[in-house]
Amino acid sequence: MVRFSACVLAAAMLASTEAFAPALTTQRSLTTTSKNIVTSTTNSPVILSDMLTQTELPEKLYFPEDKEAAKVLGGVKIGSRKLTVITGASSGLGLNCAAKLAKTGRHFVVMAVRDVEKGKRVAKEFGFPEGSYVVMKLELGSLQSVRDFVFNLKAFKSARPVDNLICNAAVYKPTDPEPAWTDDGFEQSMGINHFGHFLLANLLVDDMAKAKGARMCIVGSITGNTNTVGK
Ligand SMILES: NC(=O)c1ccc[n+]([C@@H]2O[C@H](COP(=O)([O-])OP(=O)(O)OC[C@H]3O[C@@H](n4cnc5c(N)ncnc54)[C@H](OP(=O)(O)O)[C@@H]3O)[C@@H](O)[C@H]2O)c1
């Protein structure tokens with residue numbers, strides 16, 4: 001039985017993956033307070049591009065042409081190792097966690113990263129053993145990229161279920177003067193840290209339910225506690 005953390009369950013307010021249909025956000029007249037917080041005043045649905053002026057429109061994080069060709073296992077044999085997917089495995093905690101797991105010889109690690117070249121480079125720098133990992137493109141700021149990643153992951157691993165999913169990638173920009181947006185029109189820390197991972201978990205949960213002792217691990221932060229948000 002796959003266990004969710006409270007974090008993922010909280011996101012269940014978005015009742016199904018249908019909630020991830022392309023960005024219809026709430027129309028709002030943009031009011032910038034002294035803290036540069038954007039507030040909304042009306043409720044009619046409109047796409048982000050209608051909300052913002054041309055100069056305010058965010059740069060896209062993912063383009064469909066970025067979609068990787070599906071990788072195949074080729075000569076790699078996962079054998080009795082756990083198949084472990086780690087998001088944000090190209091730096092920080094995710095990279096160190098991926099390296100440790102790969103070096104135990106008990107995990108085959110899928111490094112799910114937004115910058116594949118960086119992922120390949122750091123895997124070499126950190127001495128990941130040959131045949132212990134693969135690097136795959138995942139831009140969590142684009143729900144299309146999440147879907148493309150899952151498609152490629154499933155093609156790569158074939159019928160073998162994923163044993164572990166570690167949702168680690170995140171952005172943290174509390175001091176940025178202006179909000180930044182995902183390709184689907186969500187504020188980035190909500191879109192990348194939570195909604196992207198929520199869709200990823202949803203798209204993998206049925207597959208993971210086939211694995212014995214599967215686990216989803218959601219890396220959180222004390223800054224998400226109710227006593228710190230907004231202070
Ligand atoms: N460090 C701390 O003190 C601390 C404290 C509390 C909680 N945490 C939590 O620990 C986790 C890891 O933090 P960290 O300190 O290791 O941070 P980090 O070094 O900044 O690593 C974050 C990772 O997320 C990736 N990432 C960012 N945006 C992404 C996107 N749009 N799509 C896909 N991947 C994306 C980054 O990719 P790139 O390599 O391409 O930049 C990077 O690999 C986070 O969940 C964070 O909230 C950290």
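Just the heavy atoms: all of them, side chains too, but no hydrogens, waters or symmetry mates, feed the values below. Order of appearance sets the numbers: ligands from 1, and atoms from 1 within every ligand.
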What do we get for Val171 next to ligand 1 when only non-hydrogen atoms under 4.0 Å count, side chain, backbone, both or neither? side chain
Is it the side chain, the backbone, both or neither of Leu61 that has a heavy atom closer than 4.0 Å to ligand 1? neither
Using distance alone, determine whether [X] and ligand 1 share an N or O pair under 3.5 Å.
X	value
Asp115	no
Ala89	no
Leu140	yes
Gly94	no

Taking every heavy atom of Leu165 against every heavy atom of Ala201, the minimum-distance pair comes out as CD2-CA, 4.1 Å
Enumerate the atoms of ligand 1 whose separation from the nearest heavy atom of [X] is less than 4.0 angstrom.
X	value
Gly92	16 (O), 19 (O)
Leu93	10 (O), 12 (C), 16 (O)
Leu138	32 (N), 33 (C)
Ala169	24 (O), 25 (C), 26 (N), 34 (N), 35 (C)
Gly88	23 (C), 24 (O), 25 (C), 43 (O)
Gly141	31 (N)
Asn168	11 (C), 12 (C), 44 (C), 45 (O)
Lys118	38 (P), 39 (O), 40 (O), 41 (O)

Checking contacts now, so for [atom], which I'm interested in, is there any protein heavy atom under 4.0 Å?
atom	answer
atom 39 (O) of ligand 1	yes
atom 33 (C) of ligand 1	yes
atom 20 (O) of ligand 1	no
atom 17 (O) of ligand 1	no
atom 28 (N) of ligand 1	yes
atom 4 (C) of ligand 1	no
atom 43 (O) of ligand 1	yes

Assess Gly220 for proximity to ligand 1: is some non-hydrogen atom of it under 4.0 Å away? yes
Could you identify the single nearest non-hydrogen protein atom to [atom] and state the distance to 0.1 Å?
atom	result
atom 47 (O) of ligand 1	Ala170 CB, 3.8 Å
atom 41 (O) of ligand 1	Arg114 NH2, 2.8 Å
atom 10 (O) of ligand 1	Val219 CG1, 3.4 Å

Test Glu68 against Met136 for side-chain contact (heavy atoms from CB on, under 4.5 Å), laying out the working first. CA-CA 8 Å; Glu68 282 185 301; Met136 286 193 196; 4.0 Å; yes
Any donor-acceptor pair under 3.5 Å linking the side chain of [X] with the backbone of [Y]?
X	Y	answer
Lys173	Asp176	no
Glu139	Arg114	no
Asp184	Phe186	no

Does this structure show an ion pair linking Lys137 with Asp115, if we count only N-O contacts that are shorter than 4.0 Å? no
Is Glu125 salt-bridged to Arg121, going by a charged N under 4.0 Å from an acidic O? yes
Could you measure the distance from the NZ atom of Lys100 to the CZ atom of Phe126? Nearest 0.5 Å is fine. 10.5 Å
side-chain contact (heavy atoms from CB on, under 4.5 Å) between Ile192 and Thr182, worked out: CA-CA 7 Å; Ile192 292 170; Thr182 68; 4.1 Å; yes
Please tell me whether Ser132 and Glu130 have a donor and an acceptor in their side chains that are separated by less than 3.5 angstrom. no
Polar contact flag, side-chain donor to acceptor under 3.5 angstrom, Tyr172-Asn193: no
